Amino acid sequence: MPSPLMEILAGNVLIRPWQPADAGPVYRACQDSDIQRWTRMPSPYLLRHATSFVTELSPKAWTEGTGAPLGVFDAKSGELLGSCGLTEIRDGTGEIGYWTAPWARGRGVAATALRAVAAFAFERAGVHRIGWRALVGNHTSRLVALRAGVRVHGRTRIVEGPGWADVWWGTLMPGEVTPQTPAAYAPGSLAARRAAVFSRPQPRLPGLVPLRAADIDLITAACRDQESARWTTVPVPYVRADAEFYTLRHAPLTWAAGEGAVYQMVDARNEYVGTIDLRLTAGDEAAAEVGFLVAPWARGRGHATRTLKSLCAWGFEALGLTRIVWRAHVGNEASRRVAEKAGFSVEGVQRAGCAQRGERRDAWVGALLSTDPA
């Protein structure tokens with residue numbers, strides 16, 4: 001393991017091991033809500049935590065060779081910009097971890113530091129594989145990793161405190177570090193634009209709100225309806241636990257993962273009248289698909305048409321979509337009327353286009369394009 005006195009200079013950024021004098025700036029930076037939300041540091045974060053980190057935990061990791069904690073500083077002023085180091089080293093694999101001080105964000109500090117630390121790890125720390133992971137929903141960390149060359153392989157679950165958490169995970173190998181940010185992940189790219197959208201709380205839209213736990217019983221009743229079961233993929237029989245999973249687990253995770261948005265329709269009194277969702281299409285960043293279910297007591301009042309228009313307009317504007325697909329079982333005239341009133345053009349019949357509880361059924365397919373008249 002190299003000496004803890006080493007320094008790395010990367011452009012205007014200086015990366016070095018922590019020193020006792022860094023405790024104050026670390027404490028100040030770690031009052032940030034995002035740092036506390038996405039990392040494992042104590043909350044509330046006290047000055048004694050910062051002091052212990054820079055004077056005890058960090059030197060111990062260097063001495064024992066179990067990690068390489070590093071601070072990131074402005075090369076000229078010495079101001080703390082963030083942290084980027086190996087939180088764990090074992091059997092030739094290092095785990096990378098980083099955060100950026102709130103006053104230093106938007107300057108590419110994290111990606112610059114990640115590249116430099118990765119090069120140090122491969123060339124001087126005896127590491128031949130770097131692992132990366134972040135809680136699902138931490139789109140900023142994911143974007144930094146992609147900009148530096150990390151290959152994000154997927155999602156898994158880990159034990160986190162008394163429970164478990166969904167995390168993205170990836171790896172970086174020698175020769176994979178990108179010297180510059182790939183265009184696909186650069187500022188202003190579609191990936192960066194969507195990361196900004198999904199990093200924020202799910203917005204309310206006209207006639208639409210994120211699913212509410214208080215409406216689980218109403219969702220259960222709507223999905224038990226015979227017509228709902230006939231034309232959708234809801235489980236049969238539908239029990240309250242299905243609505244709980246959909247509301248408390250599926251919908252929030254869909255948003256956190258950046259895979260789409262699940263909403264409930266509400267009427268003028270803000271009461272539940274149905275559900276609708278927009279799902280991004282895997283492998284086609286410009287496309288998405290919609291689906292909706294109207295509660296039996298609210299049908300025929302135009303809720304689905306109004307909210308479908310609202311959701312599609314948001315998808316085109318906020319997510320940069322080009323094509324949104326609607327699909328329904330052949331014979332579902334009510335769904336077809338809604339789609340056509342919302343501006344969708346029915347393109348034809350897709351044989352065996354829908355899967356429903358172990359069977360495949362023919363489907364009408366239609367689309368709305370971002371270039372279609374409003």
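What you see is a predicted model, and the numbers here were worked out from it, not measured in a lab.
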Original post:
Can you list the steps and then say if Ser141 with Trp168 is a side chain to side chain donor-acceptor pair (under 3.5 Å)?
Top reply: CA-CA 10 Å; Ser141 178; Trp168 287 311; over 6 Å; no
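- Surrounding CZ of Arg90 are at most 12 heavy atoms belonging to other residues, nucleotides or ligands under 6.0 Å away.
- Under 3.5 Å, the side chains of Trp326 and Ser335 contain a donor-acceptor pair of N or O atoms.
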**OP:** Tell me, with the steps shown, if Phe122 and Ile130 meet side chain to side chain contact (heavy atoms under 4.5 Å, CB included).
**Re:** CA-CA 9 Å; Phe122 292 138; Ile130 291 176; 3.7 Å; yes
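- Taking the six-membered ring where tryptophan is involved, the planes of Tyr45 and His49 are tilted, since the angle between them lies from 30° to 60°.
- In this structure, the side chain of Arg105 engages the main chain of Thr100 through a donor-acceptor pair within 3.5 Å.
- At least one donor-acceptor pair under 3.5 Å links the side chain of Thr87 to the backbone N or O of Glu95.
- Taking 4.5 Å as the limit, every side-chain heavy atom of Tyr263 sits out of range of all side-chain heavy atoms of Thr307.
- Looking at Gln19, its side chain never comes within 3.5 Å of a backbone N or O of Val54 through a donor-acceptor pair.
- For the residue pair Asp74 and Ser77, a side-chain donor N or O sits within less than 3.5 Å of a side-chain acceptor on the partner.
- Distance check: Leu211 CG to Thr247 OG1 gives 4.5 Å after rounding to the nearest 0.5 Å.
- Following chains of ILVMFWY side-chain contacts shorter than 4.5 Å, one can reach Phe198 starting from Val290, so the two form part of one hydrophobic cluster.
- By the 6.0 Å and 45° rule, Arg212 does not stack over the aromatic ring of Tyr272.
- At a threshold of 4.5 Å between non-hydrogen side-chain atoms, the residues Trp62 and Met6 count as touching.
- Side chain of Trp18 to main chain of Thr55: no donor-acceptor pair is present (N/O by atom type, distance under 3.5 Å, no hydrogens or angles).
- Rounding to the nearest 0.5 angstrom, the gap separating the CZ atom in Arg151 from the CG atom in Leu146 is 11.5 Å.
- Put simply, Leu293 and Met265 are part of two different groups of oily side chains (I, L, V, M, F, W, Y) that touch within less than 4.5 Å, one to the next.
- Residues Leu80 and Tyr98 do not share a hydrophobic cluster, defined by chaining ILVMFWY side chains whose heavy atoms lie under 4.5 Å apart.
- Arg361 has no carboxylate O lying under 4.0 Å from a charged side-chain N of Glu359, or vice versa, which leaves the two without a salt bridge.
- A distance of 6.0 Å separates CE in Met41 from CH2 in Trp99, rounded to the nearest 0.5 Å.
- Between the side chain of Ser199 and the main chain of Ala195, a donor-acceptor pair closer than 3.5 Å is present.
- Although no hydrogens or angles enter the test, the distance criterion places no donor-acceptor pair under 3.5 Å between the side chain of Ser43 and the main chain of Arg37.
- For the atom pair CD (Glu259) and CG (Leu280), the distance works out to 8.0 Å, reported to the nearest 0.5 Å.
- Summarising the local packing, CG of Asp91 is surrounded by 12 or fewer heavy atoms from other residues, nucleotides or ligands at distances under 6.0 Å.
- Counting non-hydrogen atoms of neighbouring residues, nucleotides and ligands closer than 6.0 angstrom, the CD atom of Glu64 exceeds 12 such neighbours.
- For Trp364 (side chain) and Gly331 (main-chain N/O), no donor-acceptor pair under 3.5 Å exists by modelled atom type.
- Hydrophobic clustering, with ILVMFWY side chains joined whenever heavy atoms are under 4.5 angstrom apart, keeps Leu218 apart from Ile276.
- With Cys84 as reference, Ile96 is the one residue of Val109, Leu70, Ile96, Ile8 to meet the side-chain contact (heavy atoms from CB on, under 4.5 Å) rule.
- Salt bridge absent: Glu7 and Arg16 never bring a charged side-chain N and a carboxylate O closer than 4.0 Å.
- Atom CG of Asp362 sits in a crowded spot, with more than 12 heavy atoms from other residues, nucleotides or ligands closer than 6.0 Å.
- Note that the OH atom of Tyr238 and the CZ atom of Arg240 stand 10.5 Å from one another [nearest 0.5 Å].
- Cluster membership check: Ile219 shares its hydrophobic cluster with Val234, using side-chain heavy-atom separations under 4.5 Å among Ile, Leu, Val, Met, Phe, Trp and Tyr.
- Side-chain atoms of Asp166 never come within 3.5 Å of backbone atoms of Arg157 as a donor-acceptor pair (strictly under, hydrogens ignored).
- Two residues are said to be in side-chain contact when any heavy atoms from C-beta on lie closer than 4.5 Å; Cys30 and Gln36 fail this criterion.
- Heavy atoms only, all atoms of each residue included: Ala355 and Thr233 are closest at O-CG2, 3.4 Å.
- Phe316 and Arg193 make their closest contact through O-NH2, 4.0 Å (heavy atoms, listed as atom of the first residue, atom of the second, distance).
- Ring geometry for Trp169 against His153 counts as tilted: the plane angle lies between 30° and 60°, on a 0 to 90° scale.
- Rounding to the nearest 0.5 Å gives a distance of 10.0 Å between OG of Ser83 and CD1 of Ile15.
- Residues Arg301 and Asp267 form no side-chain contact, since every pair of their non-hydrogen atoms from C-beta on lies 4.5 Å or further apart.
- Judged by distance alone, with hydrogens and angles left aside, the side-chain atoms of Gln356 form a donor-acceptor pair with the main-chain N or O of Arg230 at under 3.5 Å.
- Heavy-atom neighbours of Arg351 CZ from other residues, nucleotides or ligands within 6.0 Å: at or below the threshold of 12.
- Partners of Arg40 according to the salt bridge (Lys or Arg N to Asp or Glu O under 4.0 Å) rule, which considers only residues two or more places apart in sequence or in another chain, are Glu160.
- A donor-acceptor contact shorter than 3.5 Å links the side chain of Ser310 to the backbone of Pro206.
- Taking every heavy atom of both residues into account, Thr93 and Gly131 meet most closely at CG2-N, 4.5 Å.
- Of the charged side-chain nitrogens involved, none lies within less than 4.0 Å of a carboxylate oxygen, so that Glu56 and Lys60 do not count as a salt-bridged pair.
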